[in-house]
Amino acid sequence: MSIDVQNKMLKTVLMLDAATCLAFGLLLCIGNTFLARLLGLPADLLFYAGMILFPCTVLMFVTGRQACPHSLLVRLIVMGNLGWALASIAVLIVPVGTPTVIGYGFVIVQALAVMGIAALEYRFAASHSLSAAS
């Protein structure tokens with residue numbers, strides 16, 4: 001795969017990550033009361049989790065718009081995504097609210113999705129830096 005294709009793929013995944021963070025942040029902030037009842041998680045937890053996603057969205061968008069995304073920023077995004085996924089699972093393990101069956105499913109599915117996006121970002125960033133070095 002050429003460096004141009006890898007660069008384009010990385011930028012596409014970063015922009016997808018930014019869009020999903022924005023959408024998810026809006027969902028958690030605007031729908032926190034409804035989601036709290038549906039998922040069995042505290043409304044404040046959902047609201048503040050959503051608020052955290054807005055600066056993440058900006059970082060992902062700015063990084064994805066760079067001609068050649070800086071590897072340090074991509075690593076930071078990957079680590080942030082992994083941290084989000086781990087924190088999501090921790091919410092199910094540590095007594096925070098009483099998650100419903102839908103709540104367990106919701107948290108697990110979104111954590112897996114975030115891990116998948118992180119894996120793609122890592123893969124394309126690693127391929128991109130290997131190609132650039134050769």
Side-chain angles (χ1 to χ4, degrees):
M1 198 179 313
S2 75
I3 194 166
D4 290 334
V5 172
Q6 292 165 352
N7 191 36
K8 185 174 181 174
M9 300 279 283
L10 175 58
K11 291 168 64 168
T12 300
V13 174
L14 287 167
M15 297 306 279
L16 170 70
D17 201 357
T20 57
C21 274
L22 178 61
F24 206 66
L26 290 170
L27 174 70
L28 292 175
C29 287
I30 295 169
N32 66 319
T33 305
F34 170 75
L35 288 173
R37 288 190 301 270
L38 181 67
L39 305 176
L41 296 171
D44 286 346
L45 172 70
L46 298 173
F47 177 80
Y48 290 112
M51 292 297 290
I52 288 169
L53 292 175
F54 298 127
C56 297
T57 298
V58 173
L59 175 63
M60 292 166 187
F61 180 79
V62 168
T63 304
R65 297 283 298 162
Q66 293 175 345
C68 184
H70 193 279
S71 63
L72 182 60
L73 293 176
V74 176
R75 286 188 200 129
L76 178 64
I77 291 167
V78 169
M79 294 303 292
N81 280 337
L82 294 176
W84 177 274
L86 289 173
S88 297
I89 299 305
V91 164
L92 298 177
I93 296 169
V94 176
V96 178
T98 309
T100 63
V101 172
I102 294 172
Y104 275 99
F106 180 83
V107 171
I108 291 168
V109 167
Q110 67 83 32
L112 289 172
V114 170
M115 287 174 36
I117 289 172
L120 287 173
E121 288 165 342
Y122 178 80
R123 179 176 181 261
F124 291 131
S127 297
H128 177 71
S129 63
L130 288 175
S131 294
S134 41

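Grouped with M15 in one hydrophobic cluster are F61, the linkage being side-chain heavy-atom contacts under 4.5 Å among Ile, Leu, Val, Met, Phe, Trp and Tyr residues. Through direct or indirect side-chain contacts shorter than 4.5 Å among Ile, Leu, Val, Met, Phe, Trp and Tyr, V62 is connected to V58.
Here F24 pairs with F106 under the ring-ring contact (aromatic ring centres under 6.0 Å, His included) rule; sequence neighbours left out. With sequence neighbours left out, the ring-ring contact (aromatic ring centres under 6.0 Å, His included) criterion links F47 to no other residue. Not counting sequence neighbours, the partners of Q110 by the side-chain hydrogen bond (donor to acceptor under 3.5 Å, both in side chains) test are W84, S88.
Sorted by first and then second residue, the ring-ring contact (aromatic ring centres under 6.0 Å, His included) pairs with a member in residues 63-82 form an empty list; sequence neighbours excluded.
Between the CG atom of D17 and the CE atom of M60 there is a distance of 3.5 Å, given to the nearest 0.5 Å.
Nearest heavy atom pair, residue N7 against residue C68, reads OD1-CA, 3.9 Å. Here the closest non-hydrogen pair linking L53 and G25 is CD1-N, 3.6 Å. The two atoms that bring A85 and A111 nearest to each other are CB-O, 3.8 Å, heavy atoms only. Counting all heavy atoms, side chain and backbone alike, L46 lies closest to N32 at CD1-O, 3.7 Å. Looking at every heavy atom in both residues, A36 comes nearest to P42 through CB-C, 4.2 Å. In terms of heavy atoms, N81 sits closest to A118 at CB-CB, 3.7 Å.
In this structure, the side chains of L39 and V107 stay at 4.5 Å or more apart for every pair of heavy atoms.
Heavy atoms from other residues, nucleotides or ligands lying under 6.0 Å from CZ of F54 number more than 12.
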